[in-house]
Amino acid sequence: MAQSILVTGGAGYVGSHACKALAAAGFVPVTYDNLSRGHREAVRWGPLVEGDLHDRALLAESMRVYKPAAVMHFAAFAYVGESVGDPELYYRNNVGGTLALLSAMREAGIGHLVFSSTCATYGNPSEVPIRETAPQHPVNPYGETKLAIERVLYWYASAYGLRSVALRYFNAAGADPDGEIGEEHDPETHLIPLVVRAALGQAGPVGLFGTDYPTPDGTPIRDYIHVADLADAHVRALRHLEAGADSAAFNLGTGHGHSVREVIAAVEDATGGAVPRRELARRPGDPPALVADAALAAATLGWQPQHSDLMTIVGTALRWHERHPPTRRETAA
């Protein structure tokens with residue numbers, strides 16, 4: 001009988017792609033999601049439990065019924081600007097929800113967790129590429145909450161024997177290569193879907209927030225990693241824990257960055273048209289470059305990105321957005 005894995009936030013962007021990867025690996029993903037920011041139609045490879053992590057009774061009942069062998073934890077709010085404006089919301093949801101989840105796991109005797117963390121825990125790095133040993137000094141509440149959870153997991157390992165893998169990924173991008181699921185945020189803040197939508201006439205001009213950075217073309221550089229490669233890493237992390245490995249944290253990225261202007265040029269090449277844009281002032285806290293050193297994930301998990309060259313990322317995103325234009329509310333936003 002196939003093992004079930006509880007996937008919190010499995011109706012969201014990365015979580016839904018992880019569910020597909022879990023099913024392909026022979027697991028039964030059980031999505032636990034309140035659908036406040038996820039999408040019911042993205043739950044396609046296993047059952048859905050519609051509920052909040054703070055609903056202790058439903059969480060406990062779900063674990064009793066489905067008997068998951070482990071948990072993949074994606075459920076979190078992830079808008080940096082929103083976190084700055086309402087840090088209480090982020091601490092209550094991200095940290096508080098995680099504590100409720102860990103309590104339910106302890107009661108159910110579930111000892112393995114794969115955690116969706118972020119490069120935002122590093123803040124403004126002093127060296128690039130960034131290694132896992134780099135200082136973690138977040139510059140916004142979103143990153144602070146993710147780091148707080150990593151620290152919680154460290155102490156839960158010491159006190160309760162919980163083993164976990166924290167995956168610090170860089171810029172998730174692209175869509176399912178088969179076209180079954182993709183990226184749908186409301187509002188959308190990620191660069192690649194914003195550029196693609198602008199190219200397709202589904203959104204207004206793309207904002208270039210700063211053109212005077214100390215980079216070759218003056219715009220910030222980021223490490224874009226395809227969402228299907230992220231999903232594969234989560235399955236590998238689960239196998240790592242199943243094999244008896246100790247808790248660990250891994251960067252997930254390509255080790256190569258692309259500037260905002262390079263992303264725009266790639267979308268223009270793919271569409272054959274110009275992308276409207278506006279040059280704006282820098283946003284506070286945006287570092288010039290964020291690029292991962294992912295050698296540890298390669299050596300330990302055997303993970304190598306397969307879909308993360310920029311043109312593949314852009315191509316999958318373009319096909320998804322051509323078939324799934326934003327709703328009127330998203331467009332108005």
Side-chain angles (χ1 to χ4, degrees), residues 9 12-15 17-18 21 74 76 78-80 83 114-140 142-147 149-150 165-175 183 185 188-195 209 213 215 219-234 236-237 248-263 266 283 285-301 303-314 316-317:
Y13 176 40
V14 183
H17 286 78
F74 298 92
Y79 291 119
V80 170
S83 78
V114 179
F115 172 53
S116 169
S117 193
T118 172
C119 67
T121 64
Y122 294 116
N124 294 318
S126 58
E127 293 184 1
V128 175
I130 304 168
R131 297 181 179 180
E132 288 84 356
T133 53
Q136 291 176 282
H137 298 301
V139 295
N140 54 66
Y142 165 64
E144 288 273 10
T145 61
K146 290 289 190 174
L147 179 56
I149 294 167
E150 287 197 21
V165 170
L167 297 175
R168 299 172 188 157
Y169 31 95
F170 282 60
N171 286 57
E183 187 168 11
H185 297 120
E188 184 57 74
T189 61
H190 291 177
L191 177 65
I192 289 178
L194 289 173
V195 176
F209 293 95
Y213 283 91
T215 61
T219 61
I221 292 172
R222 297 292 182 266
D223 189 339
Y224 295 93
I225 183 75
H226 197 285
V227 66
D229 288 328
L230 292 179
D232 173 60
H234 284 76
R236 290 175 182 270
F250 300 100
N251 288 338
L252 298 181
T254 66
H256 305 284
H258 297 283
S259 72
V260 174
R261 292 193 193 277
E262 287 176 324
V263 169
R283 292 179 297 198
D286 272 356
L290 290 174
V291 178
D293 180 334
L296 186 61
T300 309
L301 304 179
W303 177 76
Q304 292 288 344
Q306 301 297 313
H307 308 278
S308 292
D309 63 281
L310 185 58
M311 291 310 298
T312 298
I313 288 174
V314 166
T316 59

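Computed from a predicted structure; not experimentally measured.
With Y13 contributing its side chain and A175 its backbone, the two residues share no donor-acceptor pair below 3.5 Å. Judged by distance alone, with hydrogens and angles left aside, the side-chain atoms of E127 form no donor-acceptor pair with the main-chain N or O of P125 at under 3.5 Å. With hydrogens and angles ignored, the 3.5 Å screen pairs no side-chain donor or acceptor of H190 with any backbone N or O of I192. Under a 3.5 Å cut-off, the side chain of K146 and the backbone N or O of S116 do form a donor-acceptor pair. Looking at D223, its side chain does come within 3.5 Å of a backbone N or O of G255 through a donor-acceptor pair. When atom types are taken as modelled, the side chain of E183 and the backbone of H185 share no donor-acceptor pair closer than 3.5 angstrom. Although no hydrogens or angles enter the test, the distance criterion places no donor-acceptor pair under 3.5 Å between the side chain of R261 and the main chain of T219. N251 places a side-chain N or O within 3.5 Å of a backbone atom of I130 that can act as its donor or acceptor partner. Judged purely by atom type and a 3.5 angstrom limit, T300 has no side-chain atom pairing as donor or acceptor with the backbone of A297. Within the 3.5 Å criterion, the main-chain N or O of I225 finds no donor-acceptor partner in the side chain of T254.
Looking at every heavy atom in both residues, F170 comes nearest to A292 through CE1-CB, 3.3 Å. Nearest approach of E150 to T121, heavy atoms of both residues: OE2-CG2, 4.2 Å. Closest heavy-atom contact between L194 and E188: CD2-O, 3.7 Å. The two residues P287 and P220 have their closest heavy-atom pair at O-CB, 4.2 Å. Residues G123 and L290 approach most closely at O-CD2, 4.1 Å, considering heavy atoms. Between A231 and H17, the shortest heavy-atom distance links the atoms CB-O, 3.4 Å.
A distance of 13.0 Å separates CD in E262 from CZ in R222, rounded to the nearest 0.5 Å. Here the straight-line distance linking atom OG1 of T189 with atom OH of Y79 works out to 5.5 Å at 0.5 Å rounding. Going from atom CG of N171 over to atom CG of L252 covers 12.5 Å, rounded to the nearest 0.5 Å. Once rounded to the nearest 0.5 Å, the distance linking CG of D229 with OG1 of T312 reads 9.5 Å.
With contacts defined as side-chain heavy-atom distances shorter than 4.5 Å, the pair V291/H256 does not qualify.
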Evaluation steps, side-chain contact (heavy atoms from CB on, under 4.5 Å), between Y122 and E132:
CA-CA 9 Å; Y122 294 116; E132 288 84 356; 4.2 Å; yes

Does the side-chain contact (heavy atoms from CB on, under 4.5 Å) test come out yes or no for F209 and V260, once each step is laid out?
CA-CA 9 Å; F209 293 95; V260 174; over 6 Å; no

Quick one: do D232 and W303 satisfy side-chain contact (heavy atoms from CB on, under 4.5 Å)? Show the steps, please.
CA-CA 8 Å; D232 173 60; W303 177 76; 3.2 Å; yes

In sequence, state the C-alpha distance, the side-chain angles, and the governing distance for L167 and S117, and then conclude on side-chain contact (heavy atoms from CB on, under 4.5 Å).
CA-CA 5 Å; L167 297 175; S117 193; 5.9 Å; no

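Residues T316 and H307 have side chains that never bring a donor and an acceptor to within less than 3.5 angstrom of each other.
Between H234 and Y169, the ring center distance clears the sub-6.0 Å criterion.
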